[in-house]
There are 2 protein chains.
Amino acid sequence: MNVSESKDMVKILKALANPVRLRMIASLCEKPKNVYALAKELNLPYPLAYLHLGGLKKLGLVKEVREEKKVEGLPTVKYYAPSDFSFVLTPKNIQKLFQRKKEAVK
Amino acid sequence: MNVSESKDMVKILKALANPVRLRMIASLCEKPKNVYALAKELNLPYPLAYLHLGGLKKLGLVKEVREEKKVEGLPTVKYYAPSDFSFVLTPKNIQKLFQRKKEAVK
DNA sequence: TTTATATATCAATAATTTCTGATATATTTA
DNA sequence: TAAATATATCAGAAATTATTGATATATAAA
């Protein structure tokens with residue numbers, strides 16, 4: 001996972017700066033599961049879980065895994081697991097992120 | 001810096017999940033400076049800079065440094081620098097953070 | 001002495017994020 | 001066939017964050 005833009009890093013930090021989404025990642029770390037099961041486990045209304053997981057998925061922090069799928073046709077149940085990201089937050093790394101990324105023309 | 005509680009981690013992530021505050025850390029990394037100078041450099045109204053820096057200071061992500069201080073009495077100008085934090089964001093670390101921190105009584 | 005520098009706060013608004021409740025649809029199990 | 005499982009969306013409300021503009025105060029420089 002390559003985070004070249006500071007904007008992308010902000011998006012990822014925003015996604016991770018939420019207790020519900022962190023709990024989701026923690027839970028999916030133990031065992032991949034579908035949104036419905038996740039919602040039940042974390043005691044969340046399904047649409048909320050769906051929304052939060054959608055955000056994580058969109059940023060690539062969580063991925064769809066095909067586990068225990070029903071053969072014969074498309075899978076009815078979608079399983080999710082965390083993707084193996086690693087972000088090291090230090091002042092130096094933050095500084096690098098905000099160094100003029102756009103070189104002056106000529 | 002010891003982040004034992006998941007709540008503390010969420011607070012820190014929220015503090016870092018903001019472009020203004022990240023730019024502040026990046027700028028203070030180059031050279032410690034006061035809020036006024038920081039506000040000018042980043043083109044922010046002073047109260048906004050004051051507020052954002054206050055948040056970072058409160059969480060210990062930024063610290064006051066006594067540099068170029070006027071001797072004789074207290075310093076008129078307060079200089080700030082990033083403290084040397086390091087947070088590694090991985091699914092495993094997030095999982096650890098949310099493992100039942102409270103052991104059942106007896 | 002006037003202007004620029006500097007810190008500190010606050011009230012109100014603006015913007016964003018989060019959450020709830022509703023709807024639609026389909027499959028699977030009892 | 002009725003209930004539970006499952007995905008997908010949305011509109012609106014609620015809550016939180018971010019921003020602006022105002023005020024007060026003080027020091028330092030021109």
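Letters go in sequence order (proteins before strands), and every chain restarts at 1.
- When the C1' atom of D:dA4 is taken as reference, atom NZ of A:Lys40 falls 9 Å away, rounded to whole Å.
- In this structure, CG of A:Asn43 is placed 19 Å from P of C:dT18, rounded to the nearest angstrom.
- Expressed to the nearest 0.5 Å, how far CG of B:Asn93 lies from CD1 of A:Ile25 amounts to 11.5 Å.
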Do any side-chain atoms of residues 38-47 of chain A form donor-acceptor pairs under 3.5 angstrom with protein atoms, and if so which ones, sequence neighbours left out?
from, atom 1, to, atom 2, distance (Å)
A:Glu41, OE1, A:Ser27, OG, 3.1
A:Glu41, OE1, A:Lys33, NZ, 3.4
A:Glu41, OE2, A:Ser27, OG, 3.1

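- Atom pair B:Leu38:CG and C:dA8:P shows a separation of 14 Å (rounding to whole Å applied).
- A search for side chain to side chain contact (heavy atoms under 4.5 Å, CB included) contacts involving B:Leu22 returns A:Val10, A:Leu13, A:Ile94, A:Phe98, B:Leu16, not counting sequence neighbours.
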Give every pair of a protein N or O atom and an N or O atom of nucleotides 11-17 of chain C that lie under 3.5 Å apart, one pair per line with the distance.
from, atom 1, to, atom 2, distance (Å)
C:dT17, OP1, A:Lys14, NZ, 3.0

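- The distance from atom NZ of B:Lys33 to atom P of C:dT5 is 16 Å, rounded to the nearest whole Å.
- C:dA6 atom C1' lies 13 Å from atom CD of B:Glu64, rounded to whole Å.
- Taking a 4.5 Å side-chain heavy-atom cut-off between Ile, Leu, Val, Met, Phe, Trp and Tyr, the cluster of B:Val88 extends to A:Val88.
- Shown for residues 46-57 of chain B: residues whose heavy atoms fall under 4.0 angstrom of DNA chain D, namely B:Pro47, B:Leu48, B:Leu51, B:His52.
- Side-chain atoms of A:Leu61 and A:Phe87, non-hydrogen and from C-beta on, do get closer than 4.5 Å to each other.
- For A:Arg21, the side chain to side chain donor-acceptor pair (under 3.5 Å) partners are A:His52, not counting sequence neighbours.
- For residues 52-62 of chain A, there are no salt bridge (Lys or Arg N to Asp or Glu O under 4.0 Å) pairs, not counting sequence neighbours.
- Taking atom CD of B:Glu41 as the reference point, atom C1' of C:dA6 lies 17 Å away to the nearest angstrom.
- In this view, A:Tyr36 satisfies the ring pair (Phe, Tyr, Trp, His ring centres under 6.0 Å) rule with no residue, not counting sequence neighbours.
- Shown here are the side chain to side chain donor-acceptor pair (under 3.5 Å) partners of B:Lys11, two or more places apart in sequence or in another chain: there are none.
- In this entry the distance linking CZ of B:Arg23 with C1' of D:dT19 reads 14 Å, nearest Å.
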Can you tabulate the close N/O pairs, meaning under 3.5 Å, that link protein atoms to atoms of nucleotides 2-4 of chain C?
none

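- For the pair A:Pro45 and B:Tyr80, both in contact range of DNA chain C, the more 5′-proximal nearest nucleotide belongs to B:Tyr80.
- Put simply, the side chain of A:Tyr80 reaches to within 4.5 Å of the side chain of A:Leu53, judged on heavy atoms.
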